[in-house]
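Here the structure is laid out as structure tokens; the discussion comes afterwards.
Any value given below was found using the heavy atoms of this structure, including those in side chains, with hydrogens, waters and symmetry copies removed. Residue numbering restarts at 1 for every chain, and letters A, B, ... go by the order of the sequence lines.
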Amino acid sequence: MCNPLFACNLRGSKAMDEKYFPEKIEEHWQKRWADEHAFEAQEDDPRPKFYTLEMLPYPSGFLHMGHVRNYSIGDALAWYKRLRGFNVLHPIGWDSFGQPAEQAAIKRGIQPRDWTEKNIAHMKGQMQRLGISYDWSREIAAHRPEYYKWDQWFFLKMLEMDLAYKRTSAVNWCPNEETVLSNEQSSGGICWRCGAAVTKKEIEQWYLRTTKYAEELVADIKEIEAGWPEKVLKRQRDWVGRREGAYIDFKVKGTSEKIRVFTTRIDTIFGATAIVVAAEHPVLANLLEDSILKDQIMAFADQVKAARAIKTEDLAEEEEKLGINTGQVAINPFNSELLPIWVANYVLMDYGAGAVMSVPAHDERDYEFAQKYTLAIRQVIAPVVHGQQSEPVDQAPGGDQSMEMKNAFTAYGVLVNSGEWSGLISQDAMREMANRAAEKGFGGPAVTYRLRDWGISRQRFWGAPIPVVYCPACGMVPVPEKDLPVLLPDNAQFTGTGESPLKGVPEFLNTTCPNCGKPATRETDTMDTFVDSSWYFFRYTDPRNDSMPFDRGVAAKWTPVDQYIGGDSHAVMHLIYTRFWNKVMRDLGLVDFNEPVKRLLTQGMVTNRVEGTNEYKAMSKSLGNGVDPDEMIEAFGADAARLFVLFAAPVENELRWSESGIEGAVRFLRRVWTMVYRWRPGYAGLRPAERAGGVRTDFSEAARVLRRKTHQTIARVTDDFEKLDLNTNVAALMELLNAIGDFNAEAANASASDAFAVREAIEALVVMLAPFSPHAAEEMWEGLGHQTSLLKSATWPIADPELAKKDELEIPVQVNGKLRSRVVVAPDISETDLRTIALADAKVQSFIDGHKIVKVIVVPQRLVNVVVK
RNA sequence: GCGAAAGUGGCGGAAUUGGCAGACGCGCCAGACUUAGGAUCUGGUACCGAAAGGUGUGGGGGUUCGAGUCCCCCCUUUCGCACCA
């Protein structure tokens with residue numbers, strides 16, 4: 001029967017099901033959230049903003065578990081921040097241009113647009129069944145003209161800023177089908193369709209000058225390093241590859257030619273025994289003009305180039321070093337020594353200056369090369385002997401040490417055999433010698449970067465058309481802004497062979513020159529899809545703007561992104577390009593900060609056991625170890641799937657899929673549900689006066705213990721959310737549930753203070769569960785008698801430190817570092833009292849009996865260690 | 001080869017950053033309820049030992065009253081880079 005305190009009038013609360021039926025409540029709340037526009041962000045909301053973002057998915061057609069993990073993390077954060085009173089922007093969209101749509105067109109004759117839209121519709125349904133709290137009113141898709149118009153707009157701006165340009169470069173080419181291949185399509189050096197050997201072909205392509213921002217891309221890392229994983233930043237630093245060194249110009253004897261080399265070790269220049277240039281080096285043609293060796297050397301250079309063309313990215317093992325002496329000699333400007341000029345395959349044209357000074361004594365590659373071609377090896381750096389001044393041993397200049405040196409000595413040291421520079425240490429010599437080169441005009445300090453310009457041309461259909469026109473009279477003419485977007489045609493032929501499908505659509509190809517009005521043809525290259533993903537999260541802030549990519553002021557309210565979440569496979573490309581794009585937008589006056597993303601979280605992979613083995617590998621179709629999110633939702637519910645994914649491992653770790661693990665998550669939700677159900681009449685019946693129970697003083701010991709656990713849990717969960725330690729967070733909620741279960745009271749006859757303690761615990765638990773399992777949390781919140789949904793009537797609970805405080809402490813007592821006993825004391829006990837109590841403990845006594853106490857270490861609130869002899 | 005990160009029960013993982021190792025969950029064991037249970041509930045579960053006690057965070061050494069945590073050497077795994085002058 002009803003306890004009179006908790007009158008059975010439920011004050012209008014909806015009857016709660018006795019059992020947890022995920023499919024029923026999930027559908028109900030998904031609809032209700034949509035009807036209430038619960039997750040739509042308004043920029044005039046006065047609360048502080050929080051922008052949480054998950055990486056834009058490619059609409060392959062099916063969500064995989066990696067997505068589920070990604071979105072579950074982001075959604076937990078979004079819910080948490082909302083409940084903490086933030087105005088949260090949590091949008092989603094589609095990276096919907098790209099190769100697979102075109103391959104589907106080739107294989108199955110379906111238009112890329114239809115294939116893509118169908119996939120989006122399906123995946124959107126899956127996301128909604130997961131109940132991710134996206135603001136769907138801001139949804140965007142890269143392949144729609146309203147979006148790619150602005151890709152084109154940015155391209156025109158970059159053209160004006162001289163950040164976009166065209167030059168020839170090599171692409172993977174299938175000679176059989178006469179078509180350009182992507183790296184994936186040419187993997188292993190053979191064409192994915194016909195198996196022909198892939199070659200390289202030089203074609204004209206569009207580039208963006210990322211190198212212009214190389215320095216900033218490194219330097220600005222300091223602005224984000226607090227919020228980005230170090231492993232990502234390291235890869236970005238390596239990608240940009242900033243190196244300090246010097247340029248030196250070597251005159252070619254008997255000509256007016258100079259060969260410029262870059263070196264990071266100018267201190268070794270007296271050890272240079274050759275100049276080595278890349279096969280593509282332009283100086284070669286002039287150098288060999290009158291040489292009898294010309295044909296032979298050019299043949300060698302061609303052979304190197306050809307070998308490089310065949311070499312594909314995934315066969316990047318080191319090749320044998322090959323070279324040929326040109327017969328010409330260069331003059332070392334530091335000592336006027338004559339050095340033979342070689343051509344070799346290990347020198348790359350597109351790094352540094354395309355030529356190096358070969359210092360075999362102090363560079364491993366040069367050493368290997370010199371050994372092979374019996375070039376002189378001369379040591380000019382000696383190790384610094386620790387603790388004593390090392391003696392510069394000068395040997396006769398030109399002395400060859402090929403026999404003595406078994407390895408290159410690549411460390412810094414002290415200069416020997418280096419004329420006036422001998423005796424200096426490397427670091428000083430590098431600086432002073434570079435300055436000398438600058439004074440004398442044959443070089444100077446220099447910085448180079450590994451970063452290259454970003455090639456954005458794709459000879460494909462399914463991308464944003466590059467908005468330029470080629471006119472026989474006016475040349476290359478940008479499409480005027482007012483004529484954007486340059487629309488993709490509705491139909492094209494997809495054969496997978498021959499030229500880009502756009503070339504076969506006359507209505508697209510043929511146009512008039514914006515300049516002179518005469519017939520002209522359009523550029524048929526489309527843009528790399530990394531263009532779309534470089535700025536999409538700005539578009540979310542102002543997704544329907546039709547006069548600008550986004551409004552400066554509106555974007556400024558939301559950006560930069562507070563938390564970005566995605567896989568670390570994007571550590572370099574996407575995340576470098578988007579940083580680059582941000583800097584361009586800054587220079588265009590669209591944003592006023594240097595870095596678009598404050599905090600980055602890289603989630604780990606989701607793996608599953610490969611059937612018949614004990615190995616866990618990333619889920620994939622080919623391995624047959626994939627898990628379908630829809631099946632999971634059907635079997636266990638979205639809430640349990642999400643809860644498990646967040647609980648099973650720290651977000652950065654690999655996540656091993658486990659069917660029994662997700663069953664555990666369902667069990668937990670059921671237990672919470674049952675607990676809420678059991679105490680439901682109590683809550684509903686409590687009068688407002690009793691709800692203000694914080695002032696009550698009549699709590700039993702057990703109730704105080706429960707309240708302590710409640711407030712400790714609130715503090716812990718809140719803290720862990722800031723660190724995104726979601727797995728320990730779920731564990732804390734489980735502990736709280738266990739504590740409620742341990743509390744020995746029945747709803748039907750509990751005292752008011754007991755009921756208060758339980759209600760406090762359950763309400764906190766339900767609210768804190770919302771980020772993990774929002775549907776169940778909403779339903780239980782309602783079941784607790786609340787009239788409106790969580791975001792309208794709940795706030796994140798606040799921990800009361802007084803209530804969280806323990807009223808006694810169990811202090812471990814060690815003897816010689818070994819745990820021997822525990823003593824129970826008041827938390828504010830003095831050090832001396834704690835020491836006395838510990839020493840008086842009977843068990844401790846038995847261990848120190850007969851020994852001499854050497855020392856007693858007392859760590860307040862923590863432990864006592866008695867050291868005896 | 002170079003660089004980075006990581007090695008804790010049968011498994012995923014905790015450990016307030018130098019202070020009770022193994023939270024929480026999975027699995028397993030026992031019991032209860034049940035015609036039955038792959039449901040639910042209760043209890044147990046690092047290892048050795050009957051117990052007292054001992055051992056234990058990849059291996060070895062060190063610092064410290066005290067080490068999963070700090071230092072040195074080694075082993076293993078994962079990831080990244082791969083002629084970048």
Practice task
Using a 3.5 Å limit on both pairing distances, list the dot-bracket string of RNA chain B from the 5' end; Watson-Crick and G-U wobble pairs count, crossing pairs take [ ], interstrand pairs take |.
Solution key: (((((((..(((......[....)))((((((.......))))))(((....)))..(((((..]....))))))))))))....
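Trp657(A) does not carry Arg609(A) over the face of its six-membered ring by the limits of under 6.0 Å from the centre and within 45° of the normal. For the pair Arg260(A) and Tyr247(A), the cation-pi criterion (under 6.0 Å, within 45° of the ring axis) is fulfilled. A cation-pi arrangement is found for Lys321(A) relative to Tyr346(A), the charged atom lying closer than 6.0 Å to the ring centre and inside a 45° cone about the ring normal.
Here Arg667(A) reaches the OP1 or OP2 of C26(B): one of its side-chain N or O atoms lies under 4.0 Å away. Contact between the side-chain N/O atoms of Arg235(A) and the OP1/OP2 oxygens of C81(B) is found at a separation under 4.0 Å.
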Review item, nucleotides 14-18 of chain B N/O atoms under 3.5 Å of protein N/O:
{"unit_1": "A14(B)", "atom_1": "OP1", "unit_2": "Asn727(A)", "atom_2": "ND2", "d": "3.3"}
{"unit_1": "U16(B)", "atom_1": "O2", "unit_2": "Arg862(A)", "atom_2": "NH2", "d": "3.4"}
{"unit_1": "U16(B)", "atom_1": "N3", "unit_2": "Arg862(A)", "atom_2": "NH2", "d": "3.2"}

Taking only N/O atoms, report every protein-nucleotides 2-10 of chain B pair under 3.5 Å with atom names and distance.
none

Restricting to nitrogen or oxygen on both sides, can you table the protein-nucleotides 62-66 of chain B pairs closer than 3.5 Å?
{"unit_1": "C65(B)", "atom_1": "O2'", "unit_2": "Asn865(A)", "atom_2": "ND2", "d": "3.3"}
{"unit_1": "C65(B)", "atom_1": "O2", "unit_2": "Asn865(A)", "atom_2": "ND2", "d": "2.6"}

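Backbone-only engagement by Arg243(A) is indicated by non-hydrogen atom pairs under 4.0 Å involving sugar-phosphate atoms exclusively.
For the pair Glu810(A) and Arg452(A), nearest-nucleotide mapping onto RNA chain B gives the more 5' position to Glu810(A).
Look at CG on Leu737(A): it is 9 Å from P on G25(B), rounded to the nearest Å. One atom, CG of Asp568(A), and another, P of U78(B), lie 16 Å apart when rounded to the nearest Å.
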Report all side-chain donor-acceptor pairs from residues 733-741 of chain A shorter than 3.5 Å, counting only partners two or more places apart or in another chain.
{"unit_1": "Glu735(A)", "atom_1": "OE1", "unit_2": "Lys709(A)", "atom_2": "NZ", "d": "2.8"}
{"unit_1": "Glu735(A)", "atom_1": "OE2", "unit_2": "Arg716(A)", "atom_2": "NH1", "d": "3.3"}
{"unit_1": "Asn738(A)", "atom_1": "OD1", "unit_2": "Arg671(A)", "atom_2": "NH2", "d": "2.9"}
{"unit_1": "Asn738(A)", "atom_1": "ND2", "unit_2": "Met734(A)", "atom_2": "O", "d": "3.4"}

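Rounded to whole Å, the P atom of G9(B) lies 10 Å from the corresponding atom of U57(B).
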Problem - Under 4.0 Å protein heavy-atom contacts per nucleotide of nucleotides 42-55 of chain B, with B for base, S for backbone only and - for none - result: ------------SS
